[in-house]
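Data first, discussion second: the structure below is written as structure tokens.
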Amino acid sequence: IFVKTSSSSSSAVKEPTLPSRQSLSFSDSPDSVHSPPYSAPSHHLQGLDIMAAEEENNPLPTPMESSSPILDDQSLISAANTIPFQPVLPIIPPGIPPPIVPPVVLPMVPAMAPIPTVPAPSILRPLAPLPARPPVIRPPVPQNGEVVTSDSDSDDESGPSRSAPGSTLEYEISEESRQIRERHEKAMQELMMKRRASALAVPTNDASVRARLRRLGEPITLFGEREMERRDRLRMIMAKLDAEGQLEKLMKAHEEEEAAASAATEDTEEEMLQYPFYTEGSKALLDARIDIAKYSIVRAASRLQRARRRREDPDEDVDAEMDWVLNQARTLALDCSEIGDDRPLSGCSFSQDGKLLATCALSGVAKLWSMPQVKKVATLKGHTERLTDVTFSPTDNILATASADRTAKLWNTDGTLLKTFKGHLDRLARINFHPSGKYLGTTSFDKTWRLWDVDTGVELLLQEGHSRSVYGLAFNQDGSLAASCGLDSLARVWDLRTGRSILALEGHVKPVLALSFSGNGYYLASGGEDNTCRIWDLRKKKSLYTIPAHSNLISQVKFEPQEGYFLVTASYDTTAKIWSARDFKPVKTLSGHEAKVTSLDVSGDGNCIATVSHDRTIKLWSSSGTEEENRHEMELD
């Protein structure tokens, strides 16, 4: 835009004054249209360096002095098109000839197309004001050590349903929120009811529970209700009465119950039975314990005296004697094999003098065999079920058999039945004589073992203590101790003089099936279904050795009867093995059976071992005659 100035105001050419950015800015009101500022074409500004402004006609006010309204872009463009462009003549100072200026032909500026107007935005509806936030009510601050308690589980006492005091705002609660609140209140009531119920004292006896329900006017039992369910129902009823404030009814029922109980106690005080923690024994058992004590004291004294003599006498060489016995055991060989029965054999036992061998079978028949020819002497028939074990008396030529018909029988060597021992509630497992020969011990699957008087046939002792069936039983040579084992993987040692369980030997991981005391008085061997044989030291009360003896369960273990120099084990892996008592290393393996070896026995002198098996055979293992003669010579020396 060229501005014409007065010639009289100034002789110099002034630069045109353009509107500032501030004067061309637009209002921030919502009705104004925001558009970029107008920019003139480049050919309009070519003569700005030589133009002169004349201010006499229309002086342009400065931005600070202008009070006229600011034109918008459309007004500026229309004004620019209507103003004629006139050339400004240069001012020539005096004395200088005026230059010849050719006439300037201005190009024709085409009219600019109007800028389309932007429609004003629609007026937005103002948002509704937010409701006033209710003030948060804080609990009073405790002072001077006061403790402020609250029944609420939350620290924030303000909620959506709370409003400021004096406020008239009310909010509607939806149906879902109301149901949730009702469920919550119901759950809280049930929780409080359970808390009250857990704090109440409810009788544990079912009869007392029924009596209290009757006094409260409730049914004493419901269809299909058990004892614990009935007790829980009584507890909830009492808690409900407590919550409803009906304590008088509850206390009255409680007083009536106590009065009835005290009256019943007074009436039946004389008739009530006293149950001690032990079982009172009979007079016969007391006499038997005294007799066992006297017998064991003499035997123990003799054993200790012999041990001292062997330790102090320089002529006694225990190691040399043990080596000789072990060498004899290494020479054991199969001497005889005989068919023992039509059914598998289950037990065997040597007589005290070694001249007879007794066997029993699953057919229910026991047989006597002469030694060493293994000729059948007698047949013992009388049991109605299979036989499980047989044993000879250590003092007399009598033997006892155990059967699955829950009885044990005492026999003479000529096949005569002497006595029958009845009392067990389940089938018998093993049987054994006391070293005195006066008492007989039996084990059974009724979880007990029993002691019988051989002379009278009376049951002296019924001993419990195992949680499962009792299988094995053994007496030590002194006669003072008995050891029992069972399917609970436990072995127990009992003092027959007092009746107490003095040791519980834990170590086997499967049922224990066999036990044997050593002649030295303090070693005990046990074998079981875990294929191992454990050696227990009764002095240290722990296991000394664990022998991985066989590849199948161990059915029987026996120490050498004289001094316990070696141990023999029988197993279901069809073998029997001999182990040294010095370090319990293997000495000899007796292989020959074709099926499970169920039992074995060692003769009194240790020179012969008998084994029986499910292959129905009796096998006799013995050493050579020359070595027997050498042993007799050694005993004489």
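By convention here, the first residue in the shown sequence is residue 1.
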Side chain to side chain contact (heavy atoms under 4.5 Å, CB included) evaluation trace for V587 with F566: CA-CA 9 Å; V587 175; F566 61 84; 5.8 Å; no
Option from R309, R311, R308 for which salt bridge (Lys or Arg N to Asp or Glu O under 4.0 Å) with E316 holds: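 With E316 as partner, R309, R311, R308 yield a single salt bridge (Lys or Arg N to Asp or Glu O under 4.0 Å), made by R309.
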So which atom in [X] and which in [Y] form the shortest heavy-atom distance, rounded to 0.1 Å?
{"X": "G564", "Y": "A581", "answer": "O-CB, 3.1 Å"}
{"X": "V612", "Y": "C348", "answer": "CG1-CB, 3.8 Å"}
{"X": "L473", "Y": "S484", "answer": "CD1-CB, 4.3 Å"}
{"X": "V374", "Y": "E338", "answer": "CG1-CB, 3.8 Å"}
{"X": "T413", "Y": "N397", "answer": "CG2-O, 2.8 Å"}
{"X": "R231", "Y": "T204", "answer": "NH2-CG2, 3.5 Å"}

Do [X] and [Y] pair up side chain to side chain, a donor and an acceptor below 3.5 Å, judged on atom types alone?
{"X": "W449", "Y": "T442", "answer": "no"}
{"X": "T359", "Y": "W369", "answer": "yes"}
{"X": "R534", "Y": "S526", "answer": "no"}
{"X": "W411", "Y": "T416", "answer": "no"}
{"X": "T388", "Y": "R427", "answer": "no"}
{"X": "T611", "Y": "H593", "answer": "yes"}

Criterion side chain to side chain contact (heavy atoms under 4.5 Å, CB included) on V454 and K419, from CA distance to verdict: CA-CA 8 Å; V454 173; K419 285 184 178 63; 5.9 Å; no
Between [Y] and [X], is there a salt bridge with N-O shorter than 4.0 Å?
{"X": "K619", "Y": "D615", "value": "no"}
{"X": "D342", "Y": "R616", "value": "no"}
{"X": "D478", "Y": "R303", "value": "yes"}
{"X": "D495", "Y": "R500", "value": "no"}
{"X": "E563", "Y": "R306", "value": "yes"}
{"X": "R343", "Y": "D341", "value": "no"}
{"X": "R582", "Y": "D323", "value": "yes"}
{"X": "E321", "Y": "R310", "value": "yes"}

Salt bridge (charged side-chain N to carboxylate O under 4.0 Å, His left out) partners of residues 536-546, not counting sequence neighbours, each pair once: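 Every pair satisfying salt bridge (charged side-chain N to carboxylate O under 4.0 Å, His left out) with a residue in residues 536-546: D537-R539.
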Geometric class of the H434/Y439 ring pair [parallel <30°, tilted 30-60°, perpendicular >60°]: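 If you compare the ring of Y439 with that of H434, the planes turn out perpendicular.
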Aromatic plane relationship, Y471 with F445 - under 30° parallel, 30 to 60° tilted, over 60° perpendicular: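 Judged by the thresholds at 30° and 60°, the geometry between F445 and Y471 is perpendicular.
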Expected output: side-chain [X] to main-chain [Y] donor-acceptor under 3.5 Å:
{"X": "N531", "Y": "L553", "value": "yes"}
{"X": "N205", "Y": "V209", "value": "no"}
{"X": "S296", "Y": "A293", "value": "yes"}
{"X": "T598", "Y": "L345", "value": "yes"}
{"X": "S603", "Y": "C608", "value": "yes"}
{"X": "S623", "Y": "Q328", "value": "no"}
{"X": "K367", "Y": "G340", "value": "yes"}
{"X": "E560", "Y": "Y565", "value": "yes"}
{"X": "S613", "Y": "K596", "value": "yes"}
{"X": "K577", "Y": "K588", "value": "no"}

For [X], is the [atom1] atom crowded, meaning more than 12 foreign heavy atoms sit under 6.0 Å from it?
{"X": "R330", "atom1": "CZ", "value": "yes"}
{"X": "Q305", "atom1": "CD", "value": "no"}
{"X": "R226", "atom1": "CZ", "value": "no"}
{"X": "K447", "atom1": "NZ", "value": "no"}

Worked check of side chain to side chain donor-acceptor pair (under 3.5 Å) between T443 and R430: CA-CA 6 Å; T443 62; R430 296 295 185 186; over 6 Å; no
Atom [atom1] in [X], atom [atom2] in [Y]: separation rounded to 0.5 Å?
{"X": "I431", "Y": "T401", "atom1": "CD1", "atom2": "OG1", "value": "6.5 Å"}
{"X": "L538", "Y": "Y523", "atom1": "CG", "atom2": "OH", "value": "10.5 Å"}
{"X": "F433", "Y": "T391", "atom1": "CZ", "atom2": "OG1", "value": "6.5 Å"}
{"X": "I547", "Y": "K585", "atom1": "CD1", "atom2": "NZ", "value": "12.0 Å"}
{"X": "D455", "Y": "L418", "atom1": "CG", "atom2": "CG", "value": "11.0 Å"}
{"X": "S580", "Y": "I578", "atom1": "OG", "atom2": "CD1", "value": "11.0 Å"}

Side chain to side chain donor-acceptor pair (under 3.5 Å) between T420 and K409, intermediate numbers included: CA-CA 4 Å; T420 301; K409 294 183 182 295; 3.1 Å; yes
Non-neighbouring partners of E464 that pass side chain to side chain donor-acceptor pair (under 3.5 Å), sequence neighbours left out: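 E464: no side chain to side chain donor-acceptor pair (under 3.5 Å) contacts found.
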Check against side chain to side chain contact (heavy atoms under 4.5 Å, CB included), R230 and E225: CA-CA 6 Å; R230 187 178 303 112; E225 188 178 45; 3.7 Å; yes
Identified side chain to side chain donor-acceptor pair (under 3.5 Å) partner of D405 from the options H383, H424, R386, K422: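 Output: one option passes, namely H383.
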Chi angles and distances behind the salt bridge (charged side-chain N to carboxylate O under 4.0 Å, His left out) call for D453, K438: CA-CA 6 Å; D453 191 329; K438 298 180 180 180; over 6 Å; no
Derivation of the side chain to side chain contact (heavy atoms under 4.5 Å, CB included) call for L399 and S349: CA-CA 9 Å; L399 67 154; S349 177; over 6 Å; no
Side chain to side chain, Q562 and D605, heavy atoms closer than 4.5 Å: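 The answer is no, as the side chains (C-beta and beyond) never meet within the 4.5 Å cut-off.
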Ring pair (Phe, Tyr, Trp, His ring centres under 6.0 Å) contacts touching residues 537-556 (sequence neighbours left out):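 Matches after skipping sequence neighbours: Y545-F584.
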